[in-house]
There are 2 protein chains.
Amino acid sequence: MDSDFGIPRELSPLQQLRSQYQPELPPCLQGTTVRVELGDGTTVSEASDSHIIARAFPHTLGQPLAHFLRETAKVSDAHIITQLPSIRVGIVFCGRQAPGGHNVIWGLYEALKVHNAKSTLLGFLGGSEGLFAQKTLEITDDILQTYKNQGGYDLLGRTKDQIRTTEQVNAALKACTDLKLDGLVIIGGVTSNTDAAHLAEFFAEAKCSTKVVGVPVTTNGDLKNQFVEANVGFDTICKVNSQLISNACTDALSAEKYYYFIRLMGRKHSHVALECTLQSHPNMVILGEEVAASKLTIFDISKQICDAVQARAGQDKNHGVILIPEGIIESIPEVYALLKEIHGLLREETGMRLFFLLLHPESDDSAQLSQIETEKLLAYLVETEMNKRLKEGTYKGKKFNAICHFFGYQARGSLPSKFDCDYAYAMMTVKNWSQNAGSTSTSIGRPAIHPAMVDLKGKAYELLRQNAEKFLMEDLYRNPGPLQYDGPGADAKAVSLCVEDQDYMGRIKKLQEYLDQVRTIVKPGCSQDVLKAALSVMASVTDVLTTISSSSNGGQQTA
Amino acid sequence: MDSDFGIPRELSPLQQLRSQYQPELPPCLQGTTVRVELGDGTTVSEASDSHIIARAFPHTLGQPLAHFLRETAKVSDAHIITQLPSIRVGIVFCGRQAPGGHNVIWGLYEALKVHNAKSTLLGFLGGSEGLFAQKTLEITDDILQTYKNQGGYDLLGRTKDQIRTTEQVNAALKACTDLKLDGLVIIGGVTSNTDAAHLAEFFAEAKCSTKVVGVPVTTNGDLKNQFVEANVGFDTICKVNSQLISNACTDALSAEKYYYFIRLMGRKHSHVALECTLQSHPNMVILGEEVAASKLTIFDISKQICDAVQARAGQDKNHGVILIPEGIIESIPEVYALLKEIHGLLREETGMRLFFLLLHPESDDSAQLSQIETEKLLAYLVETEMNKRLKEGTYKGKKFNAICHFFGYQARGSLPSKFDCDYAYAMMTVKNWSQNAGSTSTSIGRPAIHPAMVDLKGKAYELLRQNAEKFLMEDLYRNPGPLQYDGPGADAKAVSLCVEDQDYMGRIKKLQEYLDQVRTIVKPGCSQDVLKAALSVMASVTDVLTTISSSSNGGQQTA
């Protein structure tokens, strides 16, 4: 939080090369003319929540969805904007750092300047605290030089990830008013985007002209819906972790005597663990969503692992790699409660703390989750059970050996992948999306964005289930290798992104093409037979869609 | 240890590309003609050990050093070998896996075949146990296809890293005799190369014609002398770890509230930690060699870190990255003893083990070292002290927060760097080197190769000391990025390798050039003045060198 920010720094040869990389923009964002098609008003994904959301967001809910068009798009009522006034925008890092964050700033800076060279971008120094204190740094190309395509949030820094209390919200309002900002861009994850949505509403009510924009940048991959297919940072995190998981797989297969229990960051949901499994093919993964859906206890999970170890030993395999998502612990309520209680006891008895390092006692509640060494707990339970089976003679394999690893903070600061560089650079156009994101949760007294969970009916999970038995028994380890910027793998996309039907807007376009084709075929002059067939079929189509639409409560969560 | 070995497997796109990479051979190993210059007999680095070594290695000590020559070398008494008989060689992985191990096999296979297509290479399956049980796999180009330039030891596997007991040594002798091997190549680290040296002597005494060859492949970088400048695997390990350390540095600088305590593997000595520090510039590293030299206690070390934290807080810096080498714990005898005692107590009280995960109770003594969570112990001590200083008012900075990481097994299985691919592929020529390696230690009753320690008078350490204060205070973090195979950084060598005067043979050649020049200048016909000056100077040179040589006890440890 001082004058160190924005100072040029020495880059390694690879960093230098990366700093010269120019991300690609999608066609709709190229050039100086903006073409926008306004769609339906934003709605709520769960109809049952709609009155709560409507009450919480009277000024911001229901605004039309903006759809940016490429130059060649034929949309008759598109808004075409060729001249944009100069504007002043503020930007703030407001969540845990994710690779690509710097490119959001760079992309926004370039976009502002290309439309009007007099526009200004102010970075808030030191996160939300810098916003409240109005500590700013005007972004220039010089300042960006050594931060383009680089990891971390160190250009501006970040502090508390919160703009929530009355005091905080008022300080933000004062900052935006004092600095005459036309827009405030908040870069963050689920929590920060919830804050952004509430702040937008608060500003609208206060008749503050600053537009609030939330940008989904989070390594957890849990901030998505049909309009936001991926989060900035997720691709890099999964690639860095998959490299390390693959290395552990190779190691396990070479030594043939260890089971690696690897815990992965990712908060409550298991997107990172699922993606890494699809990239690296470790023997086993236990997703928090599976645990929750099947109401598994910690002993169920440990038994599941024991049975796997025993089955593998039957094939002379005494090694393996098992992924444990950070959030699994939250899905096993009895363990979470127990550990919290133990933690409370430990605080009282500080003399014993030297050894009680299962929980780091000084963290706040959210950080604490990543401090719970679930992998060690599970390894211990499995070891105990395997020793018991060995003694009883029900298990006849070799002595079970576990080595535990936590792949946590070592990926977050990575140089971003090409995907994240490109995606983050183009991200500045996702505006006001947060109000209509995913489903909402009102459990904490005010509506909040609900982190997307792994869809146990989705294609990515289906792919995992189809291969789970083979991954478990056959050691089909796959090593994507270290993150590359050139050659094979450099342009690889996340597996879960590729297999899911993600292209919502693309599929809407496809439907429109079908409708146009029908219109072209069935016009005055066509045969009676064609007309008759078309009428009959379209009547059925309309019937079916009407029925489906009403039974799904008019929700738009179709993807 | 079954029929799974040598089976082709599916490679990721990057692995496929790498499998097609052809390592470069140094000029002296190119072509089908071998040119060897035989040098002085092998001696012992510590004169005081010489009688012990001579007694332990009566048959193998004192053999001439072989120096391979390039085609253009002008050495009058070089042995030139153009035809080599077909030979049978066995190869076994006999230590902890290190990136590049597979290339030693590939390089040896190619070398055997290029000199005589009828030569045979047999891989022992499952390490030394496979050697004793005579389980072999004949290496072919087909089998090598998906293992070229790949990490791990999974082509052949490995088990116990030991060929030491009478039973083991006899089993090895029987295997080599039964299989009619002309050579046995043992791929491993310090321990395995000690075993190789003793095995060579044992074979020579038993008049077994199998030559034993040790190849220094170890991630620890502790197996070196003037003839062996680096170990296969060290370059990759340091690059993978430096990437992760740099990511943690970026993360620390972004969040500005954590101290990362990162423990690195590397056994007793701190080569990996030193090299990673020179590549990544974290704030602080504590080398085992420094601790031993200054006889630091755990509290001295913790105080040193506390003072650093306090000094940084004075500059408004509440974050940092501190590297803790695995071997530091061995350098603090009182802690090591204490932890072993605690560990003994824990074994008795199994009910408490759930929380006592500081030590993994099932490991053997050597594995245990990597299980001692020194980083957590230090973080705890620093936190306690900082809290005390805060309470007393001597420290006025922010609350100290530590996050601990262990960078252990996740690097060992990595795809090897280009350096390690090339180096390992060419490595097959380092023959019988183990008897004349480094210094020896006789503490365990028989002479053993002493792992090389970080030279506190060496240039790499000097470079660290010169920059230590700047690294500590100024956050000059350097991010080499993920291991690349193309573009900047792909050909980077280890910093410690570049700064040390490593090129022993090159410098001997340089000296010979000087002598030749003097001979050319001072010949019949030169002036009296020239002759007089030359005589005077050379007399001094001879004097000085004679004095130095006798005072260093005739040791050859000059590098």
Side-chain angles (χ1 to χ4, degrees), chain A residues 1-2 10 12-18 97 151-154 157-159 240 244 246-251 253-256 260 316 353-358 362 373 376-377 380 383 401 403 405-415 476 478-489, chain B residues 1-2 10 12-18 97 151-154 157-159 240 244 246-251 253-256 260 316 353-358 362 373 376-377 380 383 401 403 405-415 476 478-489:
Chain A
M1 290 258 303
D2 50 35
E10 215 171 299
S12 74
L14 181 63
Q15 285 184 305
Q16 280 176 36
L17 181 83
R18 291 304 300 157
Q97 47 272 33
Y153 279 7
D154 43 324
R158 61 114 175 158
T159 42
V240 173
L244 301 178
S246 301
N247 290 351
C249 290
T250 303
D251 204 73
L253 193 58
S254 301
E256 297 197 288
Y260 288 102
D316 232 357
R353 274 186 44 210
L354 177 55
F355 309 109
F356 286 80
L357 290 160
L358 193 66
E362 302 305 329
E373 301 187 315
K376 294 197 176 173
L377 182 64
Y380 169 75
E383 189 189 321
N401 278 313
I403 291 178
H405 269 298
F406 169 42
F407 292 175
Y409 299 82
Q410 61 265 64
R412 250 172 35 173
S414 174
L415 270 176
L476 301 173
R478 180 180 178 278
N479 193 336
L483 182 54
Q484 298 297 292
Y485 293 103
D486 203 2
Chain B
M1 289 256 305
D2 51 32
E10 214 171 300
S12 73
L14 180 64
Q15 284 183 305
Q16 279 176 38
L17 181 84
R18 291 304 300 155
Q97 48 272 32
Y153 279 8
D154 43 324
R158 62 115 175 157
T159 42
V240 173
L244 301 178
S246 301
N247 290 352
C249 290
T250 303
D251 204 73
L253 193 57
S254 301
E256 297 196 289
Y260 288 101
D316 232 358
R353 275 185 45 209
L354 178 55
F355 310 110
F356 286 81
L357 290 159
L358 192 67
E362 302 305 329
E373 301 187 315
K376 293 196 177 173
L377 181 63
Y380 169 76
E383 189 189 321
N401 278 312
I403 291 178
H405 269 297
F406 169 41
F407 291 176
Y409 299 81
Q410 62 266 63
R412 251 171 36 172
S414 175
L415 270 176
L476 300 174
R478 180 180 177 278
N479 193 337
L483 182 54
Q484 298 295 292
Y485 293 103
D486 202 2

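Just so we're on the same page: letters track the sequence lines, and every chain starts at 1. This one's a predicted model, so the numbers in the text were calculated from it and none came from an experiment.
Summarising the local packing, CD of B/Q16 is surrounded by more than 12 heavy atoms from other residues, nucleotides or ligands at distances under 6.0 Å.
To the nearest 0.5 Å, the span separating OH on B/Y485 from OH on A/Y485 amounts to 14.5 Å. Rounded to the nearest 0.5 Å, atoms CG (B/L253) and OH (A/Y153) are 14.0 Å apart. In this structure, the separation between CG on B/L17 and CD on A/Q484 is 8.5 Å, given to the nearest 0.5 Å.
Contact count versus chain A (heavy atoms, under 4.5 Å) is highest, among B/V240, B/L483, B/L415, for B/L483. Between chain B and the options A/L244, A/D486, A/N479, the largest number of non-hydrogen pairs under 4.5 Å is found for A/N479. Between chain B and the options A/P480, A/G151, A/G157, the largest number of non-hydrogen pairs under 4.5 Å is found for A/P480. Most heavy-atom pairs under 4.5 Å with chain B: of the set A/G408, A/G487, A/A411, A/A255, this distinction falls to A/A255. Per-residue heavy-atom pair counts under 4.5 Å with chain B were compared for A/T250, A/L14, A/L476, and the maximum is reached by A/L14.
Shown here for A/P13 and B/G489, the closest heavy-atom pair between the two residues is CB-N, 4.5 Å. Nearest heavy-atom pair across B/S254 and A/D154 is OG-N, 3.3 Å.
Relative orientation of the A/F406 and B/H405 rings is parallel, given thresholds of 30° and 60° on the angle between their planes.
Interface remark: A/Y260 contributes side-chain atoms only to the contact with chain B (heavy atom separation under 4.5 Å).
Using a distance-only test at 3.5 Å, with no hydrogens or angles considered, no donor-acceptor pair links the side chain of A/S414 to the main chain of B/N247. Within the 3.5 Å criterion, the main-chain N or O of A/R478 finds no donor-acceptor partner in the side chain of B/S12.
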